[in-house]
Amino acid sequence: MNAASVRAAPETGALIELRDVTKTYGQGPATFLALRGVNLRIGAGEFVAIMGPSGSGKSTAMNILGCLDNPTSGAYLFRGMHVENLTRNQRALLRRYYLGFVFQGFNLLARTTALENVELPLVYRGEPRAARHAKARTALDAVGLRQWEHHTPAELSGGQQQRVAIARAIVTDPTILLADEPTGNLDSQRSHEIMDLLAALNGDRGITVLMVTHEPGMARYAKRIIRFVDGQVDSDHHNGENA
Amino acid sequence: MFWSSILLALRAIRRNLLRSFLTILGIVIGVSAVITMVTLGNGATRAVADQISSLGSNLIMVRPGKRLGPGRDEAGSPNFKARDAEAITTQIGSLNAIAPVASKSVTVVYAARNWSTTVTGSTNAYFTAGNWRLADGRVFTGTEQRAGKAVCVIGATVRKELFGGQPPLGDELRIKNFACEVIGLLQSKGQSAMGMDQDDIIVIPLRTLQRRLTGTQDVNTLMVSVQDGGDTSRIMADLRLLMRERRKIGANEDDNFSILDTRQIAEAMTGTTKVLTMLLGAVAAVSLLVGGIGIMNIMLVSVTERTREIGIRLAIGALEREVLLQFLVEAVALSALGGIVGIILAMLASLGLAKVMQVPYIFDPSINLLSFVFSAAIGVVFGYFPARRAARLDPIEALRHE
């Protein structure tokens with residue numbers, strides 16, 4: 001499989017689907033079961049918050065959904081395609097063309113301007129310089145940081161850094177935006193700004209947003225809340241319904 | 001993919017100016033130290049060879065004692081006499097000049113100045129054999145040589161120390177306890193291969209030296225100058241036989257004198273400077289190694305930051321080989337830049353130092369290439385391999401790297 005075939009993945013049924021996914025870490029007596037048979041279907045355009053206590057497997061599930069990690073058993077279907085059978089490079093291409101990531105720790109490149117950080121995914125897509133600049137500026141505009149494009153992460157506040165990270169995640173027009181505790185390092189006002197931004201990206205652009213959080217105040221922005229306990233889905237409901 | 005990796009590598013170099021500078025600095029110091037030291041060593045070797053050939057190309061030295069150099073066992077080895085020189089003149093052909101030489105260190109006085117130097121007693125043959133030319137005045141007359149007159153020919157250093165700017169010819173110096181008229185001035189020869197001042201010399205007739213300074217008939221050295229095209233090895237063999245006969249050495253006894261030609265002396269001395277060059281090169285190689293360890297340090301210190309960076313790149317969809325290519329290009333570019341700057345710096349430093357040390361500058365391509373390749377290899381190995389380890393991690397693990 002090459003880049004073209006990854007891009008041409010068929011669009012059938014749910015956007016992503018986990019079937020009986022398990023994940024174990026370690027070997028022998030030190031084996032730890034992070035996921036114990038997870039079944040999940042997420043459709044295009046959803047805004048899903050994954051919640052749960054520490055060690056409940058929510059981050060592990062997120063890494064598998066983000067094609068950063070492979071399940072130990074079970075199937076992960078992305079647009080009907082079996083991700084668990086893909087090689088490292090094929091998964092990298094999936095990330096390149098379909099996914100955008102936002103991390104708790106921002107993970108911007110140090111000493112690199114906001115503009116260069118945002119255009120980085122486009123470099124790997126082989127886009128020409130002029131197109132990269134234009135798209136990166138549009139993305140920075142969308143997060144309200146156009147006038148900060150020449151600043152490095154050290155010169156930006158935490159909230160601004162996270163918005164640069166969001167701009168980097170959306171500059172490629174991803175199918176899914178995965179955010180792992182995106183507000184974990186921010187105060188409540190910045191957190192709400194970031195959540196407003198994610199909600200707007202979901203509402204206005206139709207980007208599917210998957211977010212891991214343990215703050216109920218942040219989960220309230222999502223349309224659907226999936227709660228993990230002990231490596232299994234404990235509850236899955238639309239926002240406003242009772243668990 | 002190739003061009004974007006180069007672009008990313010150049011950007012990374014620009015972003016991390018300090019780190020890049022330190023890496024380059026390590027290579028620059030190592031490369032330039034090795035090249036400079038070896039180049040100067042080669043220059044010194046050449047200078048020694050040049051000066052030895054200025055001695056006179058076909059010179060044979062006959063000395064008492066079995067060995068030449070420090071610790072030579074002169075005990076029991078009688079000195080030569082002036083008659084030995086005469087015997088050589090009559091019995092061996094194809095010779096330019098045979099000079100019996102004896103010398104003594106003394107203090108000489110002119111007006112209120114004095115100067116410690118070596119007074120050499122010999123004949124006019126000494127000037128021929130030693131490749132000396134007169135700058136002014138004349139050499140000894142036959143009468144002066146036979147009668148042991150108090151006349152002398154002085155070198156440029158003696159002239160400078162005693163007479164300053166005055167013309168020395170016709171004036172008298174005091175050598176120990178006798179007055180001696182200056183009749184000739186030698187052209188300057190400069191430093192000898194051993195670093196001694198060859199112009200610090202006073203030549204007087206042999207007989208004058210024997211009568212007034214040493215009080216013996218002894219001759220320390222016989223300098224024999226062979227004609228161009230003369231068979232040096234045959235002459236050396238003849239000399240040996242003649243000397244054994246004159247010194248009455250039995251068939252089973254070893255020589256109690258030694259015969260050396262300038263080629264052998266040259267070989268011995270250039271051999272010494274070659275050893276010194278190797279020693280310098282070894283010292284410089286250590287500095288190259290230290291430079292390499294510096295590079296290693298900088299690369300390893302930045303591994304944490306780089307591992308996270310690699311994690312970010314992998315997460316946003318970079319392929320392992322794209323990340324590796326970027327880091328390889330970065331390491332190659334830094335190492336090559338450091339190597340080139342080091343070579344240029346070495347060239348400037350060795351040109352300057354060669355001038356100061358008065359040795360010729362000789363460009364040695366092999367040492368330039370060798371040190372360049374070595375430093376580049378260090379840069380590439382320590383820039384690339386930590387990155388390769390990081391690129392093989394799962395992106396999540398790389399991102400979590402602390």
Side-chain angles (χ1 to χ4, degrees), chain A residues 2-3 6 23 25 59-60 62-64 66-70 87-113 115-129 132 152-154 165 168-172 174 178 180, chain B residues 1-23 298 301-327 329-330 334 387-402:
Chain A
N2 54 31
V6 170
K23 179 74 186 176
Y25 291 109
S59 284
T60 306
M62 191 71 163
N63 291 339
I64 290 173
C67 303
L68 293 167
D69 210 349
N70 257 346
T87 64
R88 243 174 99 85
N89 280 342
Q90 288 167 336
R91 278 184 286 138
L93 290 172
L94 261 184
R95 293 196 294 272
R96 177 184 295 185
Y97 290 105
Y98 293 105
L99 308 181
F101 289 92
V102 177
F103 302 95
Q104 180 178 3
F106 318 142
N107 280 330
L108 299 175
L109 295 187
R111 296 181 295 281
T112 306
T113 63
L115 187 70
E116 282 183 326
N117 261 299
V118 172
E119 69 175 9
L120 192 62
L122 301 176
V123 175
Y124 287 111
R125 285 185 169 208
E127 299 219 8
R129 187 185 161 85
R132 286 202 313 265
T152 63
R168 181 180 65 188
I170 61 171
V171 75
T172 56
L178 298 111
D180 192 356
Chain B
M1 174 188 134
F2 186 72
W3 289 112
S4 71
S5 293
I6 287 181
L7 172 90
L8 289 167
L10 295 181
R11 268 191 197 176
I13 291 172
R14 202 189 61 206
R15 263 196 292 129
N16 302 293
L17 269 186
L18 182 65
R19 188 173 76 199
S20 310
F21 172 74
L22 290 174
T23 308
I298 293 156
V301 164
S302 61
V303 156
T304 299
E305 188 187 291
R306 295 184 151 218
T307 305
R308 289 182 65 101
E309 177 182 336
I310 288 167
I312 295 169
R313 291 181 185 279
L314 292 174
I316 64 173
L319 301 180
E320 190 181 315
R321 63 170 185 271
E322 287 172 323
V323 173
L324 287 180
L325 186 62
Q326 177 202 331
F327 278 75
V329 169
E330 188 182 330
L334 286 180
R388 193 177 72 160
R389 205 177 50 193
R392 286 184 175 173
L393 291 176
D394 271 330
I396 280 295
E397 250 176 88
L399 278 174
R400 281 199 203 111
H401 192 86
E402 293 300 334

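In the text below, chain A, chain B and the rest are named by the order of the sequence lines, each starting its count at 1. For the numbers below, each heavy atom of this structure counts, side chains included, while hydrogens, waters and symmetry mates do not.
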### Query
Which heavy atom of A92(A) sits nearest a heavy atom of L319(B), and at what distance?
CB-CD2, 3.6 Å
### Task
For each of G317(B), G311(B), A12(B), tally heavy-atom pairs with chain A at distances under 4.5 Å, and name the one with the top tally.
G317(B)
### Task
Could you tell me the separation between the CG atom of L120(A) and the CD atom of E309(B), rounded to the nearest 0.5 Å?
8.5 Å
### Query
Which atom names give the shortest non-hydrogen contact between N107(A) and R308(B), and what distance separates them?
OD1-NH2, 2.7 Å
### From OG1 (T113(A)) to CZ (R11(B)), nearest 0.5 Å
7.5 Å
### Query
Which region of L108(A), side chain (C-beta onward) or backbone (N, CA, C, O), has a non-hydrogen atom less than 4.5 Å from a non-hydrogen atom of chain B, or is it both or neither?
backbone
### Message
Using heavy-atom distances under 4.5 Å, tell me whether I312(B) contacts chain A through its side chain, its backbone, both, or neither.
### Response
side chain
### Under 4.5 Å from any heavy atom of chain B - which part of R168(A)
side chain
### Message
Which atoms of R392(B) are under 4.5 Å from chain A, going by heavy atoms: the side chain, the backbone, both sets, or neither?
### Response
backbone
### Task
Could you tell me the separation between the CD1 atom of I316(B) and the CG atom of L122(A), rounded to the nearest 0.5 Å?
9.0 Å
## Note on the structure
Distance col, row R19(B):CZ vs R111(A):CZ, nearest 0.5 angstrom, shows 6.5 Å
### Query
CG of L399(B) to CG of D180(A): how many Å apart, nearest 0.5 Å?
10.0 Å
### Message
Between R88(A) and chain B, with a heavy-atom cut-off of 4.5 Å, which part of the residue counts as in contact: side chain, backbone, both or neither?
### Response
side chain
### Query
Just by modelled atom types, is the L314(B) backbone N or O under 3.5 Å from a matching donor or acceptor in the R95(A) side chain?
yes
### Task
Kindly determine whether L109(A) and R313(B) satisfy side chain to side chain contact (heavy atoms under 4.5 Å, CB included), including the steps that lead there.
CA-CA 9 Å; L109(A) 295 187; R313(B) 291 181 185 279; 3.5 Å; yes
### Message
Are R15(B) and T152(A) packed together at the side-chain level, in the sense that at least one heavy-atom pair is separated by less than 4.5 angstrom?
### Response
no
